[in-house]
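Taking it in order: structure first as structure tokens, then the write-up.
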Amino acid sequence: MMERKGRHPESEMMSYGYKAKWSEGSLKCPIFQTSTFVFESAEEGKAFFEVAYGIRDRRSDEKEGLIYSRINNPDLEILENRLCLWDEADDCAVFESGMSAISTVLLETLKPGDVILHSDPVYGGTDHFIHHVLKSFGIEQLSFNPGDTRQDILQLLDESGMRDKVKLIYLETPANPTNHLIDISMCVEIAKMLSTDDKPVYTAVDNTYMGPLFQHPLKLGADFVLYSATKYIGGHSDVIAGACLGNFELIKRVKTMRTFLGNMCGPWTGWLLMRSLETLKVRMTQQCENAQKVAAVLDKASCINKVFYLGLLEPGTPQHAIYEKQCLAPGAMVSFEIKGGEPAAFKFLNSLKLIQLAVSLGGTESLAEHPATMTHIGVDPATKERLGISGGLVRISVGVEHHEDLINDIKQALEQAQCEILDMEKEVVA
Ligand SMILES: *Cc1c(COP(=O)(O)O)cnc(C)c1O
């Protein structure tokens with residue numbers, strides 16, 4: 001890696017890890033659309049393989065050789081180096097999807113007979129992988145809810161009789177779609193309590209919702225941070241990708257597993273993500289500013305029971321205390337429960353003109369969806385009820401549009417759903 005001279009990550013995203021002289025003076029890193037790389041000699045090829053296959057360690061004077069694009073490729077390596085800067089991670093592995101990053105870490109850290117302890121709810125694909133794929137390999141799961149205390153979790157472990165088998169604690173915070181927060185450092189402490197000399201218990205955090213700008217789980221002691229780079233990192237709703245970051249030793253294991261599963265991202269995806277990283281901070285900062293304004297308006301609507309937004313957490317509550325401890329900003333995901341259940345929610349969604357009706361999140365355009373019948377349709381009814389995923393719940397991913405246009409669109413759609421926005425000034429006077 002190159003010297004950074006203590007600059008901020010956003011100042012490094014245009015050039016870090018790349019030298020123009022490597023590519024005919026090209027200012028931008030080209031797309032290395034190649035499957036394989038030419039060795040200068042047979043001896044060099046042999047040396048590259050010895051290091052790549054862990055037959056011997058790399059000598060300090062030796063560069064890591066390019067071999068074959070399933071093992072390494074400049075677009076992936078430079079992208080990985082740049083992603084490391086946001087989370088101050090040792091190393092990173094990029095994947096062809098968020099799900100491939102997640103499933104590769106789960107397959108690398110869990111073996112038959114092991115148990116995964118995870119927060120609930122988790123992303124639908126992750127939930128399926130844990131409950132069906134891992135289960136078929138003899139890996140059991142235990143789950144806890146947002147709001148559960150250390151005592152609750154320890155009691156759950158004791159009552160399950162599986163305490164000694166836990167190998168991984170897997171968290172998703174803020175939880176989708178309700179923005180409930182899980183205390184990352186509390187879970188890291190539990191993982192340490194469960195660890196023994198010959199059985200480390202790791203903590204992995206899906207940081208898709210907040211990161212890599214507004215939450216840094218590795219700094220709170222987590223071992224793995226995971227991203228669907230499809231969302232904020234890609235940021236333009238035009239690419240599917242994923243990433244995993246952590247220390248050198250763990251990411252080396254993840255990269256080895258990736259080599260044999262063959263689920264690394266391609267050079268074109270790597271190049272697109274590098275392009276996206278140049279605007280990551282301006283995009284996320286603007287999206288977060290817009291979301292605060294949108295949430296404030298929703299909070300004043302007479303037909304809305306509750307707005308789930310980190311910027312509206314009440315000081316003095318346990319959720320607010322976790323927010324203060326681990327989040328740097330409230331992000332740009334807003335959910336709310338409209339009175340009148342599914343019919344009112346559908347009327348609202350069908351009346352939107354600027355905001356588009358689609359799942360996914362984190363892109364430059366604002367999107368709205370109905371979790372109970374779309375992203376979370378597979379969640380069983382009792383769990384939906386417990387987690388507050390009701391018929392009236394609407395989720396909005398706020399984009400970079402002008403906030404007045406977003407608010408006007410939301411107001412007119414709320415009116416179509418027979419809703420009134422209460423004017424704050426008038427309220428105060430009354
Ligand atoms: C989208 C998403 C995923 C899955 O990512 P893909 O890129 O679609 O594979 C995982 N976790 C969260 C929180 C997500 O939003």
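Each ligand, and each atom within it, is numbered from 1 in the order the structure gives.
The side-chain contact (heavy atoms from CB on, under 4.5 Å) search around Thr364 returns His236, Arg283, Val400, not counting sequence neighbours. Not counting sequence neighbours, Asn350 has no partner by the side chain to side chain donor-acceptor pair (under 3.5 Å) test.
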Review item, side-chain donor-acceptor pairs of residues 303-312, under 3.5 Å, at least two apart:
unit_1	atom_1	unit_2	atom_2	d
Asn305	ND2	Glu337	OE1	3.0
Tyr309	OH	Gly331	O	2.7

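Contact check on Asp183 versus Lys325 returns a salt bridge, with a Lys/Arg side-chain nitrogen under 4.0 Å from an Asp/Glu carboxylate oxygen. The residues Lys165 and Glu140 are annotated as not salt-bridged, no charged nitrogen and carboxylate oxygen being separated by less than 4.0 angstrom.
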Check: every ligand 1 N/O to protein N/O pair under 3.5 Å:
unit_1	atom_1	unit_2	atom_2	d
ligand 1	5 (O)	Ser228	OG	3.0
ligand 1	7 (O)	Gly98	N	2.9
ligand 1	7 (O)	Ser228	OG	2.8
ligand 1	7 (O)	Thr230	OG1	2.6
ligand 1	9 (O)	Gly98	N	3.0
ligand 1	9 (O)	Met99	N	2.8
ligand 1	11 (N)	Asp206	OD2	2.7
ligand 1	15 (O)	Lys231	NZ	2.7

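Between His320 and Tyr323, the angle of the ring planes lies from 30° to 60°, which puts this pair in the tilted group.
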